[in-house]
Structure formats: C-alpha cells, structure tokens
Amino acid sequence: MTEFMVDAKNIAKQYGNIEVLKGVNLQVKRGEVTCLIGPSGSGKSTLLRCINHLEKHDAGELFVDGELVGYQLKDNKLYERKSNEICQSRSEIGMVFQRFNLFAHLTVLDNITIGMVKVRGIAAEVAAERARELLRRVGLENKEKNYPSQLSGGQQQRVAIARALAMEPKLMLFDEPTSALDPELVGEVLDVMKDLANSGMTMIVVTHEMGFAREVADTVYFLDQGVIEESGDPQQVLTSPRSERLKGFLSKVL
C-alpha cells in the first residue's frame, strides 16, 4: 500500500494551442481532504477529470492507489489500458458534478442502485437496502420513491453523493458541488461532505466555498493559469497567503 492515494507528477493538458495544465504536481494522502481553489479557467476541473481519466493528460504521470491512471507500463513504454479496464478503475472513484447528472426517468432509489446492480453485479434486494442506508446518511430516507424533478437542487446533489458512495469508492472527487445551488441550499450539501470527511474518506474538492476549505481541508492548492501558485495548510494559505495572485483572488471571494 502506497502512502498517497493520489500522486500527480508534472501533469500537462492542452486543448489545441491552449495549455490548461502546465506541469502540475499534487499529492493526497489516504484519508485526507484536499481542496482545489482558483479562478474559473485555471485548470481545477480539468485536473479532477484527469484523475479518473475522463480527460487524458498529455504528459506526466498520474497514480491513484499506486496504479497508473489510464495507462500501463510495458517494456518501458506507456500503453493506454483497454476500455473495460479503465471503466473498472473509474468505478472505484466516486465523482460528484456541478449539475447532479441524475437519471430523470428513474426514482431516487433506482438512481442509487443502478450502478451497484449493473456494474458491481449486486442483487437488487441487497442494493436497495444499501441505497436506503445511504439515503438515511444524507438525510433523504423519505425520498426514495421521488423522481429528481420532485427534489430541490440540494436534495438532488445529496442523492448524487449517495449514488457515488454506493459504489464503495476509495476516492471521492467533487467538482464545485454547490456552485449550481441556491445559497440557502449550500449548507445541507456541505454538511454531508463534512460528515464524509470526518468518516475518513479521501476527498478532492474543487470549490469556491472558502469556509469549507478552511474548516475541513488538510491541504489547499491554489491554481492559476494551469499552475499551482501556492499550496499548504488551509489556515496559512487562506489567511496569510504569500502569492500576490492568491492575495488578489482571496480579496474577491472572502
């Protein structure tokens, strides 16, 4: 077992002539919560998507739980893994998006159980009981028969978190999970995430919620224009920043 759940070394990503990530280095220990902050377009979400191979990085090495993400080393050369191998690895990484991505035609319970049944091969009855446990955990035990359209944005996001947890991931990725919510609904989602962090789940969170980062994160990384300008303990990074760029950013969001 390696010390780091995530170990990103000199990760680069380019779209056409635009360099989105310019040699990013990031390490996340098991059980740690890491927050990625920075202005829009700084590369935060792209880095997150590279970690579960929704995006292919162009250069560098990216390891999750000691395994190369998306590739295998053979005869000193990197080869992209087969689709089924990538899907299997991705199923061990939970991902929560801005826009929930729930299946509109399925009930809350079915949204949570479908991955367990279709991907993991778990019996429907066992999956349903697991889903009900998770709904209780996120405070939605009375919503299992509802459809996504019958829920508030905060409730939908909590269902999305429950769905990700149903696959028993070793790592959870959150891509600005509260940015699409009305302000009064943000707290209920953050409370679920705090509970998850307290349970020891390894988490990487792209967020603009500086209070959450200060309270929950073990490490904060500030990205700007595809590079990490500053990183460290959240109290130091958010209250006594060294970088002038970070000082400017915090003056606008705090």
Side-chain angles (χ1 to χ4, degrees), residues 33-38 40-41 43-55 87 90-120 122 127-128 130-197 199 201-213 216-217:
V33 178
T34 295
C35 284
L36 308 181
I37 65 172
S40 296
K44 307 182 301 296
S45 294
T46 299
L47 177 58
L48 210 64
R49 292 171 67 85
C50 286
I51 290 172
N52 67 356
H53 207 57
L54 286 175
E55 297 282 356
C87 288
R90 191 178 291 143
S91 72
E92 298 176 347
I93 302 173
M95 182 89 174
V96 178
F97 301 88
Q98 296 180 38
R99 292 287 176 180
F100 327 133
N101 290 4
L102 299 176
F103 296 111
H105 66 291
L106 297 181
T107 65
V108 164
L109 190 72
D110 289 340
N111 262 283
I112 298 172
T113 59
I114 188 170
M116 288 188 278
V117 173
K118 298 287 188 183
V119 179
R120 291 276 194 249
I122 296 172
R130 168 70 173 154
R132 291 186 179 106
E133 291 175 5
L134 290 167
L135 284 172
R136 285 192 288 272
R137 182 173 183 178
V138 300
L140 294 172
E141 59 268 31
N142 61 339
K143 299 293 185 182
E144 68 172 71
K145 295 181 180 179
N146 288 76
Y147 289 87
S149 62
Q150 298 171 313
L151 304 179
S152 70
Q155 290 171 333
Q156 290 187 62
Q157 194 61 293
R158 284 187 278 159
V159 172
I161 293 172
R163 180 180 61 181
L165 292 175
M167 302 298 284
E168 300 185 323
K170 55 191 175 185
L171 170 67
M172 284 286 288
L173 308 177
F174 294 86
D175 189 4
E176 298 191 37
T178 60
S179 65
L181 302 179
D182 293 332
E184 64 268 24
L185 301 177
V186 169
E188 64 189 49
V189 174
L190 293 181
D191 285 344
V192 170
M193 293 172 64
K194 290 174 185 177
D195 176 69
L196 191 57
S199 74
M201 175 62 74
T202 309
M203 299 164 56
I204 303 179
V205 185
V206 173
T207 185
H208 292 294
E209 302 291 339
M210 297 301 122
F212 173 84
V216 179

| message | Ignoring hydrogens, what is the shortest heavy-atom contact between Met172 and Ala164? Give both atom names and the distance. | response | CE-CB, 3.7 Å
Using atom types as modelled, flag every donor-acceptor pair under 3.5 Å from a side chain in residues 131-140 to any protein atom, sequence neighbours excluded.
residue : atom : partner : partner atom : Å
Arg132  : NE   : Glu144  : OE1          : 2.9
Arg132  : NE   : Glu144  : OE2          : 3.4
Arg132  : NH2  : Glu144  : OE2          : 3.2
Arg137  : NE   : Asp195  : OD2          : 3.3
Arg137  : NH2  : Ser199  : OG           : 3.3

| task | Grab the two heavy atoms, one from Ala197 and one from Val33, that are nearest each other, plus how far apart they are. | result | CB-CG2, 3.6 Å
| query | Who pairs with Asp182 by side chain to side chain contact (heavy atoms under 4.5 Å, CB included), at least two apart in sequence or on another chain? | reply | Glu184, Leu185
| note | Residues at least two apart in sequence or cross-chain that pass salt bridge (charged side-chain N to carboxylate O under 4.0 Å, His left out) with Glu188, listed by chain then number, are Arg158
| request: Find out whether Phe97 and Arg49 are in side-chain contact, i.e. whether some heavy atom of one side chain is under 4.5 Å from a heavy atom of the other. | output: yes
| request: For a side chain to side chain contact (heavy atoms under 4.5 Å, CB included) with Glu209, tell me which candidate from Val189, Val186, Val216 qualifies. | output: Val186
| message | So, using side-chain hydrogen bond (donor to acceptor under 3.5 Å, both in side chains) as the criterion, who are the partners of Asp175 when residues are at least two apart? | response | Ser45
| query | Which heavy atom in Pro177 sits nearest to a heavy atom in Val205, and how many Å separate them? | reply | CD-CG1, 4.4 Å
| query | Does Leu165 reach the side chain of Met201, with side-chain heavy atoms less than 4.5 Å apart? | reply | yes
| Straight-line distance of Asn142 CG to Lys145 NZ, nearest 0.5 Å | 11.5 Å
| Shortest non-hydrogen contact from Leu48 to Phe174? | CD2-O, 3.4 Å
| message | Is it the case that the side chain of Gln150 and the backbone of Tyr147 share a donor-acceptor pair, with hydrogens and angles ignored and the cut-off at 3.5 Å? | response | yes
Identify each donor-acceptor pair in which a side-chain atom of residues 104-115 lies under 3.5 Å from a protein atom, sequence neighbours left out, and give them as a table.
residue : atom : partner : partner atom : Å
Thr107  : OG1  : Asp110  : N            : 3.2
Thr107  : OG1  : Asp110  : OD2          : 3.3
Asn111  : OD1  : Phe103  : N            : 2.7
Asn111  : ND2  : Phe103  : O            : 3.1
Asn111  : ND2  : Leu106  : O            : 3.1
Asn111  : ND2  : Thr107  : O            : 3.1
Thr113  : OG1  : Leu109  : O            : 3.2
Thr113  : OG1  : Asp110  : O            : 3.4

| field | Sequence neighbours excluded, every pair satisfying side-chain hydrogen bond (donor to acceptor under 3.5 Å, both in side chains) that has a member inside residues 90-100 | value | Ser91-Arg120, Glu92-Lys170, Gln98-Ser179
| remark: Closest non-hydrogen contact found for Arg163 with Asn101 is NH1-O, 2.9 Å
